[in-house]
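Have a look at the structure below before the remarks.
Whatever order the structure lists them in is the order used to number ligands and atoms, beginning at 1. Being a predicted model, the structure only gives us computed values, none of them experimental.
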Amino acid sequence: MPTPVPPPASAPAEPSSPRNSDLVRAARRQPVSRTPVWFMRQAGRSLPEYRAVREGIPMLESCMRPDLITEITLQPVRRHGVDAAIFFSDIVVPLKAIGVDLDIVPGVGPVVAHPIREDKDLDQLVELTPEHVPYITEAVRQLAVELGPTPLIGFAGAPFTLASYLVEGGPSKNHEHTKALMHGDPELWDALCARLAQISGAFLRVQAAAGASAVQLFDSWVGALSKADYARYVQRHSAAALAAVADLDVPRIHFGVGTGELLRLMGDVGAEVVGVDYRVSLTDAVERLGPDHAVQGNLDPALLFAPWEALERRVREIVEEGRHAPGHIFNLGHGVLPNVDPDVLTRVTALVHEVSAR
Ligand code: CP3
């Protein structure tokens with residue numbers, strides 16, 4: 001009898017598996033059939049079907065119900081034909097899950113009852129374990145089945161952006177309390193960010209372990225920092241969050257707004273893909289990042305309100321710039337604005353697919 005041949009250590013993915021999708025392939029700088037597209041905040045108020053299922057249900061409650069998470073995550077995939085689903089949740093969900101007293105106030109954003117300003121305030125931040133978020137595991141598992149070959153992107157907030165909400169107590173334009181703490185008490189700052197890196201990393205790991213095919217770490221407000229402060233106070237904490245999924249074979253995307261000066265340092269934290277906002281061209285971003293990173297972006301979300309001819313011209317330019325990148329995932333430079341006409345997003349998705357078909 002012939003000896004059975006053992007399977008290779010890393011079996012090749014099925015052709016129709018999310019691991020072989022254009023999104024995952026672009027993230028890994030492998031050839032794609034066409035440029036993959038998804039939109040930050042694609043699941044949300046721009047969709048009438050989202051507003052209908054959310055009617056009367058507070059944001060945080062909807063983030064803890066697997067049936068709602070699954071439905072809302074699937075809505076933009078059905079409607080727009082995008083190449084990935086982004087898990088419906090929020091960056092503050094893991095904080096709520098470990099018992100931090102906070103809420104998401106409509107039209108405002110996350111509001112924290114007891115802002116973190118001194119050592120004893122850190123007691124609020126206990127270690128996150130999968131037992132804190134069973135509804136996340138359940139929803140991701142359900143979504144992985146429902147989505148079939150379409151990849152699911154899991155996400156978390158990065159330590160700096162989470163720290164900003166926790167220290168300010170809510171959304172902030174100038175991040176003054178956050179910067180005062182960072183510079184005035186670097187030890188407390190590092191202790192705070194170390195705890196947040198554990199929480200973010202564990203939240204990413206729960207999603208990747210349950211079936212997410214890629215993850216994105218959002219450091220939305222880190223563009224408020226200088227390069228020197230980013231290197232000194234932030235970079236290693238973001239790296240620690242991403243290191244939590246390093247062994248799980250999921251590509252990691254790292255994004256922030258206004259980060260032109262920080263792109264290279266952000267690329268160095270262990271992300272395969274760096275998100276680029278609309279202020280920096282993809283060509284300049286690739287020059288800053290070098291050949292070892294794919295890029296994601298970078299249509300100005302406000303251009304979705306421009307006449308189609310102007311929007312089409314810009315989309316074509318971005319796809320063309322992306323062809324010269326080591327890998328490109330089409331996205332906006334930041335999230336979908338709530339009052340956008342969703343048909344425009346569908347049309348942009350189709351256009352990117354059409355002009356990028358290889
Ligand atoms: O499609 C998706 O991207 C859905 C999942 C998602 C949400 N929040 C849902 C949400 C993701 C990835 C986020 C991340 C998030 N949350 C970030 C990083 C991304 C970014 O935009 O920079 C940040 C900074 C937050 C904090 C936050 N939560 C803000 C600023 C707001 C908006 C407040 C408002 O009402 O204008 C939220 C609430 C929130 N998170 C909504 C959604 C759909 C709106 C709540 C609602 O529909 O009632």
Proximity of W189 and H177 rings by center, below 6.0 Å: no

Partner set under side-chain contact (heavy atoms from CB on, under 4.5 Å) for P130, not counting sequence neighbours: V206

What protein heavy atom sits nearest atom 10 (C) of ligand 1, and how far off is it? M59 CE, 3.2 Å

Does any N or O atom in Y165 lie less than 3.5 angstrom from one in ligand 1, N or O only? no

Check for me whether F255 has a heavy atom closer than 4.0 Å to any atom of ligand 1. no

Spacing of T283 atom OG1 and I318 atom CD1 [to the nearest 0.5 Å]: 10.5 Å

Measure from the ring center of F218 to the ring center of F155 and say whether it is less than 6.0 Å. yes

Protein heavy-atom partner closest to atom 48 (O) of ligand 1 - residue, atom, separation in Å: R54 NH1, 3.1 Å

With a cut-off of 4.0 Å, which atoms of ligand 1 are near a heavy atom of F218? 12 (C), 18 (C), 19 (C)

Of the listed options P110, S220, G275, A85, closest to atom 18 (C) of ligand 1 (non-hydrogen atoms): S220

Connecting only ILVMFWY residues whose side-chain heavy atoms lie within less than 4.5 Å of each other, what is the rest of V111's hydrophobic cluster? V105, V108

For G107, is at least one N or O under 3.5 Å away from an N or O on ligand 1? yes

Side chain or backbone, does W221 bring an N or O within less than 3.5 Å of an N or O on ligand 1? no

Can you name the atoms of ligand 1, numbered from 1 with element, that are less than 4.0 Å from a heavy atom of F87? 5 (C)

Ranked by distance from atom 47 (O) of ligand 1, the top protein heavy atom is Y50 OH, 2.7 Å

Test of proximity, Q42 against ligand 1: N or O pairs below 3.5 Å: yes

Measure from the ring center of Y233 to the ring center of H183 and say whether it is less than 6.0 Å. yes

With nothing but distance in play, are any N or O atoms of P106 less than 3.5 Å from an N or O of ligand 1? no

Ligand 1 atoms nearer than 4.0 angstrom to some heavy atom of G109 are 33 (C)

Heavy-atom nearest neighbour of atom 3 (O) of ligand 1 within options R51, H334, R41: R41

Any idea which of A156, P58, G44, S89 brings a heavy atom closest to atom 9 (C) of ligand 1? S89

Between F39 and ligand 1, which part of the residue brings a heavy atom under 4.0 Å of the ligand: side chain, backbone, both or neither? neither

Donor-acceptor pair, distance only, cut-off 3.5 Å: does the side chain of H328 make one with the backbone of V295? no

